[in-house]
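A short worksheet on the structure shown next.
Proteins get letters first, then strands, A, B, ... in listed order; numbering begins at 1 in each.
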Amino acid sequence: MIPLNLLREQPEKVIERLLVKHFDAKNLVNEILEADQKKRSCQKQLDDNYAEQNRIAKSIGMLFKEGKKEEAEAAKKQTAELKEAAKTLESDLAAWEEKINQTLVLLPNMPHSSVPEGKTAEDNVEEYRKGNFEKNFNYLPHWDLCSKKNLIDFETGCKLTGAGFPLYKEKVAKLQRALINFFLDEATKAGYVEVQVPYVVNSDSGYATGQLPDKEGQMYFVNEDKLYLIPTAEVPITNIYRNCLLKASDLPVKHCAYSACFRREAGSYGKDVRGLNRLHQFDKVEIVQIVEPETSYQVLEEMKAHVGGLLEKLGLPFRMIRLCGGDISFTSALTFDFEVYAKGQDKWLEVSSVSNFENFQANRMKLRYKNAEGKTQLLHTLNGSALALPRIVAGILEDYQTTEGDVVVPEVLHPYTGFERF
RNA sequence: GGAAAGAUGGCAGAGUGGUCGAUUGCACCGGUCUUGAAAACCGGCGACUGUAACAGGUCCGGGGGUUCGAAUCCCUCUCUUUCCGCCA
């Protein structure tokens with residue numbers, strides 16, 4: 001949520017920045033500012049009203065103490081009119097506040113100045129690529145390989161649940177477990193404190209990290225208990241600190257967590273959903289940092305380096321891209337995606353997204369700290385996938401294929417898998 | 001699922017109708033002392049809103065009510081703890 005103060009002070013700047021996201025904020029901003037004016041005038045009148053009521057109440061207390069009962073009784077009558085007036089003011093005030101909040105949550109975060117212009121993924125900017133992109137034979141897409149070697153059973157997944165819920169078997173099941181442990185160990189080495197989080201969250205948590213109301217339809221919802229299945233561990237991890245006032249010495253907060261992630265992916269049926277490319281349930285190791293505003297872009301670099309390092313250690317060919325204004329998410333100020341090149345299907349697969357949300361989430365969840373001068377200030381939140389499992393598995397299945405149709409396990413995973421090819 | 005107790009400032013923990021936004025301890029900040037630190041002592045120290053700055057206002061889990069006046073009384077919801085039941 002964009003801080004209201006910023007809207008008051010520089011509304012034009014906000015509107016201009018949001019245009020980079022192709023979001024026309026002009027009307028919303030004006031509505032907010034108007035409601036804010038009205039709200040403040042209500043507030044002023046109400047405060048004066050309360051002050052008067054308080055003054056009378058206190059004087060009645062004094063009168064009773066002094067035994068002047070009659071005067072006290074007389075004073076009581078004075079407050080009736082004030083209370084009546086207060087009622088109207090209170091309901092007006094509540095209405096304006098409601099209006100402000102409902103409108104404010106509709107505004108996306110402002111993109112960082114380095115976010116490139118652009119409308120779609122086509123306009124994203126490739127920053128670098130790394131690894132071996134050579135193709136010396138005809139690599140199979142992972143779904144063909146999987147059905148050939150009976151590694152992943154998509155049909156039975158359909159039988160159990162539906163499309164997008166595959167059943168991983170034997171070596172691939174173990175490969176996934178190995179990857180999870182590898183990713184968690186690497187994150188731990190980098191100073192991230194591991195946590196295990198709930199996979200279902202309430203709506204307060206959803207609002208705080210920005211999934212609600214923006215992505216309501218993308219989350220599985222348990223109606224009976226009014227709870228949402230997490231689309232990413234980012235939600236529970238960041239929400240650990242919802243409504244918290246941290247000390248400067250607590251920072252930076254660094255957490256990692258493995259979790260299953262659940263996404264309805266409504267409206268995305270089509271060519272990109274084959275095999276492991278897009279699933280309703282998948283595993284992911286997530287890294288989150290909560291830091292002082294001055295350091296957040298430096299920390300973003302650190303997180304990018306961590307993710308890039310993982311892909312290098314796995315030996316997968318990949319590139320890093322800077323998302324353009326049209327492709328960047330509602331909550332993010334700056335996002336870098338990491339994409340693995342899958343040789344079998346000749347496609348780039350997004351395996352990580354690393355973002356700085358600046359104070360957008362912190363403002364929603366009142367996540368603050370006391371800075372060096374003792375002032376309370378909103379913190380910055382960042383997160384990244386490190387990494388998302390199924391597409392990494394797809395990458396390994398395709399890029400580590402041999403001419404015999406086997407798959408070689410990346411060397412760093414050998415201690416975790418206990419086997420070297422399958 | 002049943003019963004009981006509870007929810008207060010960054011944390012711990014007093015406070016049961018009238019200067020209580022709240023005693024106290026810890027933490028934190030400043031100072032004295034010290035070569036330096038610790039200890040001790042002195043002082044400061046909640047959040048939000050508002051103001052040029054004061055003032056003013058709101059906040060004792062959430063919501064509602066009683067009252068001139070509520071942290072304190074009533075209703076309700078949520079959560080926590082303990083006991084019982086059930087159970088991985």
Side-chain angles (χ1 to χ4, degrees), chain A residues 1-9 32-33 35-101 104-105 196-208 212 222-228 236 239-253 260 290-292 359 362-379:
Chain A
M1 197 154 73
I2 295 176
L4 186 54
N5 258 334
L6 189 65
L7 281 176
R8 284 178 189 154
E9 285 159 18
I32 292 168
L33 290 179
D36 185 46
Q37 282 294 327
K38 298 244 171 81
K39 186 210 120 180
R40 294 222 265 178
S41 121
C42 269
Q43 184 82 65
K44 174 75 182 124
Q45 294 174 56
L46 192 58
D47 286 354
D48 291 346
N49 182 307
Y50 284 156
E52 183 63 9
Q53 286 191 45
N54 288 341
R55 196 189 60 73
I56 293 170
K58 260 179 199 166
S59 74
I60 290 172
M62 299 292 268
L63 290 171
F64 271 120
K65 246 182 208 168
E66 293 163 14
K68 300 176 181 168
K69 283 203 173 119
E70 279 170 31
E71 284 179 53
E73 290 301 330
K76 280 190 188 182
K77 290 180 183 138
Q78 292 178 31
T79 58
E81 205 171 305
L82 285 169
K83 290 179 85 167
E84 198 54 41
K87 261 189 195 166
T88 321
L89 287 168
E90 277 166 7
S91 71
D92 286 355
L93 180 70
W96 290 119
E97 276 178 344
E98 172 87 356
K99 169 74 181 162
I100 292 169
N101 279 330
L104 212 46
V105 294
Q196 281 192 328
V197 294
Y199 290 3
V200 267
V201 294
N202 56 33
S203 62
D204 284 349
S205 294
Y207 272 100
L212 294 174
V222 183
N223 194 44
E224 186 85 7
D225 301 294
K226 310 295 178 207
L227 296 172
Y228 295 85
N239 269 283
I240 295 170
Y241 299 94
R242 168 151 49 90
N243 277 320
C244 280
L245 182 57
L246 301 180
K247 288 178 262 185
S249 59
D250 296 331
L251 304 169
V253 170
I290 298 169
V291 305
E292 296 184 64
N359 64 19
N363 188 38
R364 286 190 171 207
M365 68 171 77
K366 295 202 177 5
L367 165 51
R368 298 152 304 161
Y369 82 117
K370 273 205 202 287
N371 67 15
E373 291 97 54
K375 271 199 76 176
T376 44
Q377 198 178 353
L378 291 171
L379 285 159

Using a cut-off of 4.0 Å on non-hydrogen atoms, how would the nucleic acid contact of [X] be classed: base, sugar-phosphate, or nothing?
X: A/S59; result: nothing
X: A/K58; result: nothing
X: A/K77; result: nothing
X: A/N49; result: nothing
X: A/I60; result: base
X: A/A51; result: sugar-phosphate

Euclidean distance, atom [atom1] of residue [X] to atom [atom2] of [N] [Å, nearest integer]:
X: A/I100; N: B/rU49; atom1: CD1; atom2: C1'; result: 12 Å
X: A/W96; N: B/rU58; atom1: CH2; atom2: C1'; result: 21 Å
X: A/Y369; N: B/rG46; atom1: OH; atom2: C1'; result: 18 Å
X: A/L63; N: B/rC68; atom1: CG; atom2: P; result: 15 Å
X: A/E73; N: B/rG18; atom1: CD; atom2: P; result: 17 Å
X: A/D48; N: B/rU51; atom1: CG; atom2: P; result: 12 Å
X: A/L227; N: B/rC79; atom1: CG; atom2: C1'; result: 14 Å
X: A/R368; N: B/rG9; atom1: CZ; atom2: P; result: 13 Å

Kindly say whether, by distance alone, the side chain of A/D47 makes a donor-acceptor pair under 3.5 Å with the base of B/rG56? yes
Would A/I100 and A/D36 satisfy side chain to side chain contact (heavy atoms under 4.5 Å, CB included), going step by step from the backbone distance to the final call? CA-CA 7 Å; A/I100 292 169; A/D36 185 46; 4.2 Å; yes
Listed nucleotide nearest any side-chain atom of [X], set [options]:
X: A/A57; options: B/rG57, B/rC68, B/rA47; value: B/rC68
X: A/K44; options: B/rC68, B/rA55, B/rU58; value: B/rA55
X: A/T79; options: B/rC68, B/rA47, B/rG57; value: B/rC68

Carefully, step by step, assess A/L246 and A/V253 under the rule side chain to side chain contact (heavy atoms under 4.5 Å, CB included). CA-CA 10 Å; A/L246 301 180; A/V253 170; 4.1 Å; yes
Determine the Euclidean distance between corresponding [atom1] atoms of [M] and [N]; express it in Å to zero decimal places.
N: B/rG85; M: B/rU76; atom1: P; result: 28 Å
N: B/rC54; M: B/rG62; atom1: C1'; result: 34 Å
N: B/rG15; M: B/rA4; atom1: C1'; result: 23 Å
N: B/rU66; M: B/rC11; atom1: C1'; result: 35 Å
N: B/rG9; M: B/rG46; atom1: C1'; result: 5 Å
N: B/rC87; M: B/rU78; atom1: C1'; result: 25 Å
N: B/rG69; M: B/rC59; atom1: P; result: 13 Å
N: B/rG21; M: B/rC26; atom1: P; result: 25 Å

Does [N] have OP1 or OP2 sitting under 4.0 Å from an N or O in the side chain of [X]?
X: A/K83; N: B/rG69; answer: yes
X: A/T376; N: B/rC48; answer: yes
X: A/R55; N: B/rG18; answer: no

Are A/E90 and A/K87 close enough for a salt bridge, meaning some N to O gap below 4.0 Å?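 No, no charged N to carboxylate O under 4.0 Å.
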Report the C-alpha separation of A/Q43 and A/L93 in whole Å, then their side-chain angles, then the decisive distance to 0.1 Å, and conclude whether the side chain to side chain contact (heavy atoms under 4.5 Å, CB included) test is met. CA-CA 7 Å; A/Q43 184 82 65; A/L93 180 70; 3.8 Å; yes
[X] (side chain) donor-acceptor with [Y] (main chain) under 3.5 angstrom:
X: A/N359; Y: A/A362; answer: no
X: A/D250; Y: A/K247; answer: yes
X: A/N371; Y: A/K375; answer: yes

Indicate whether any N or O donor in one side chain lies under 3.5 Å from an N or O acceptor in the other, for A/N49 and A/Q53. yes
Defining pairs by Watson-Crick or G-U wobble geometry with both distances under 3.5 Å, how would you list the stems of RNA chain B with at least three pairs each?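 Stems for RNA chain B, defined as runs of 3 or more consecutive pairs: B:1-7 with B:78-84, B:10-12 with B:24-26, B:28-32 with B:40-44, B:46-49 with B:56-59, B:61-65 with B:73-77.
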Straight-line distance of A/L104 CG to A/R364 CZ, nearest 0.5 Å: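 That separation rounds to 8.5 Å.
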Worked verdict on A/Y228 versus A/V222 for side chain to side chain contact (heavy atoms under 4.5 Å, CB included): CA-CA 6 Å; A/Y228 295 85; A/V222 183; over 6 Å; no
If each of A/K247 and A/L46 is mapped to the nucleotide of RNA chain B with the nearest heavy atom, which maps nearer the 5' terminus, i.e. the 5' end?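 It is A/K247 whose nearest nucleotide is closer to the 5' end.
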With nearest nucleotides of RNA chain B determined for A/N54 and A/R40 from heavy-atom distances, which residue corresponds to the more 5′ nucleotide?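 Going by which nucleotide is closer to the 5' end, it is A/R40.
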